[in-house]
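Ligands are counted one by one from 1 in listed order, and the atoms in each one are counted from 1 as well.
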Amino acid sequence: MKKDDCIFCKIASGEIPSTTIYEDDYNKVFFDINPASKGHCLIVPKEHYDNIYDLDEEAAGRLFGLATKVANGLKKELDLEGLNILQNNGEIAGQTVYHIHLHLIPRYAGDTVNIGLKPGEADVEELKTLADKITLE
Ligand code: AMP
Ligand code: ZN
């Protein structure tokens, strides 16, 4: 289903222009308008899903499967040294567009991309309790 007030639904349908790298029946790949690095692009399903929680497995398979192809396409053309894949869910996680998307962010020596994780301390007993509690449907 399309959502009327959603910018990525409009980009997916072509109503709003984008610099498109690839598209098929299910996904569109285009350059981010405010790139964190050269080649920073987004993979966006044409169907509207707010985030990871309402994406179904088939759509997820197509989305993440396409990421492997786009990553290789970027690697072939750009002089990248690494690549981050980022997918934000919720405001606190940095999501600003509430239509699921993957960021593919090429990395170069000396770039200004900042996606660092600060390592924390694990309490193994706590982790075991939590592992037993988490259920997948
Ligand atoms: P997020 O913060 O994970 O929701 O990412 C949203 C991304 O969409 C940001 O990196 C924006 O720069 C990008 N973006 C927003 N509007 C457009 C647009 N019209 N064309 C391309 N990228 C966009
Ligand atoms: Zn949408």
Side-chain angles (χ1 to χ4, degrees):
M1 273 297 266
K2 299 268 173 283
K3 228 176 146 191
D4 285 346
D5 57 349
C6 173
I7 186 166
F8 283 0
C9 280
K10 288 183 177 153
I11 288 178
S13 68
E15 197 180 328
I16 290 179
S18 63
T19 311
T20 302
I21 300 167
Y22 171 84
E23 69 182 303
D24 57 27
D25 288 346
Y26 301 106
N27 294 287
K28 191 159 186 167
V29 185
F30 53 93
F31 285 121
D32 197 294
I33 200 124
N34 293 123
S37 69
K38 184 178 177 185
H40 177 181
C41 61
L42 304 172
I43 311 181
V44 176
K46 291 189 171 178
E47 283 288 321
H48 182 96
Y49 306 92
D50 283 349
N51 48 40
I52 193 80
Y53 313 117
D54 64 354
L55 190 65
D56 61 74
E57 254 183 65
E58 287 72 29
R62 288 190 292 260
L63 179 66
F64 286 89
L66 182 55
T68 64
K69 294 188 177 188
V70 178
N72 279 298
L74 293 170
K75 186 166 176 280
K76 213 169 146 206
E77 183 57 29
L78 298 166
D79 219 7
L80 57 83
E81 290 184 25
L83 180 93
N84 289 110
I85 295 181
L86 183 68
Q87 197 275 306
N88 299 325
N89 299 284
E91 189 179 356
I92 196 166
Q95 187 173 12
T96 58
V97 176
Y98 289 83
H99 176 136
I100 195 167
H101 50 280
L102 301 184
H103 293 258
L104 271 69
I105 306 172
R107 301 301 304 270
Y108 308 93
D111 69 28
T112 55
V113 179
N114 180 12
I115 314 179
L117 297 182
K118 197 169 135 236
E121 298 269 321
D123 174 333
V124 176
E125 285 312 311
E126 205 177 288
L127 293 186
K128 280 183 191 157
T129 308
L130 186 57
D132 288 342
K133 278 190 189 162
I134 293 172
T135 55
L136 312 189
E137 283 167 15

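- For NZ of Lys10, the number of neighbouring non-hydrogen atoms (other residues, nucleotides, ligands) closer than 6.0 Å is greater than 12.
- Here the angle centred on the Zn ion (ligand 2), running from ND1 of His99 over to SG of Cys6, is 100°, rounded to 10°.
- Between the CG atom of Leu63 and the CD1 atom of Ile52 there is a distance of 8.0 Å, given to the nearest 0.5 Å.
- Annotation: side-chain hydrogen bond (donor to acceptor under 3.5 Å, both in side chains) contacts of Arg107 (sequence neighbours excluded): Asn84, Asp111.
- Taking the centre of each ring, His103 and His101 come in below the 6.0 Å mark.
- Atom OH of Tyr98 is surrounded by more than 12 heavy atoms from other residues, nucleotides or ligands within 6.0 Å.
- Within the 3.5 Å criterion, the main-chain N or O of His48 finds no donor-acceptor partner in the side chain of Lys3.
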Atom pairs and distances, ligand 1 N/O vs protein N/O under 3.5 Å:
| unit_1 | atom_1 | unit_2 | atom_2 | d |
| --- | --- | --- | --- | --- |
| ligand 1 | 2 (O) | Gly94 | O | 2.8 |
| ligand 1 | 2 (O) | Thr96 | N | 3.3 |
| ligand 1 | 2 (O) | Thr96 | OG1 | 2.9 |
| ligand 1 | 3 (O) | Asn88 | ND2 | 2.9 |
| ligand 1 | 3 (O) | His101 | NE2 | 2.9 |
| ligand 1 | 3 (O) | His103 | NE2 | 2.8 |
| ligand 1 | 4 (O) | Thr96 | N | 2.7 |
| ligand 1 | 4 (O) | Thr96 | OG1 | 3.2 |
| ligand 1 | 4 (O) | Val97 | N | 2.9 |
| ligand 1 | 4 (O) | His101 | NE2 | 3.1 |
| ligand 1 | 5 (O) | His101 | NE2 | 3.0 |
| ligand 1 | 5 (O) | His103 | NE2 | 3.2 |
| ligand 1 | 10 (O) | Asp32 | OD1 | 3.3 |
| ligand 1 | 10 (O) | Asp32 | OD2 | 2.5 |
| ligand 1 | 12 (O) | Asp32 | OD1 | 2.5 |
| ligand 1 | 22 (N) | Ile33 | N | 3.1 |

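- Closest approach between the Zn ion (ligand 2) and any N/O/S atom of His48 involves ND1.
- Distance check: Ile43 CD1 to Arg62 CZ gives 13.5 Å after rounding to the nearest 0.5 Å.
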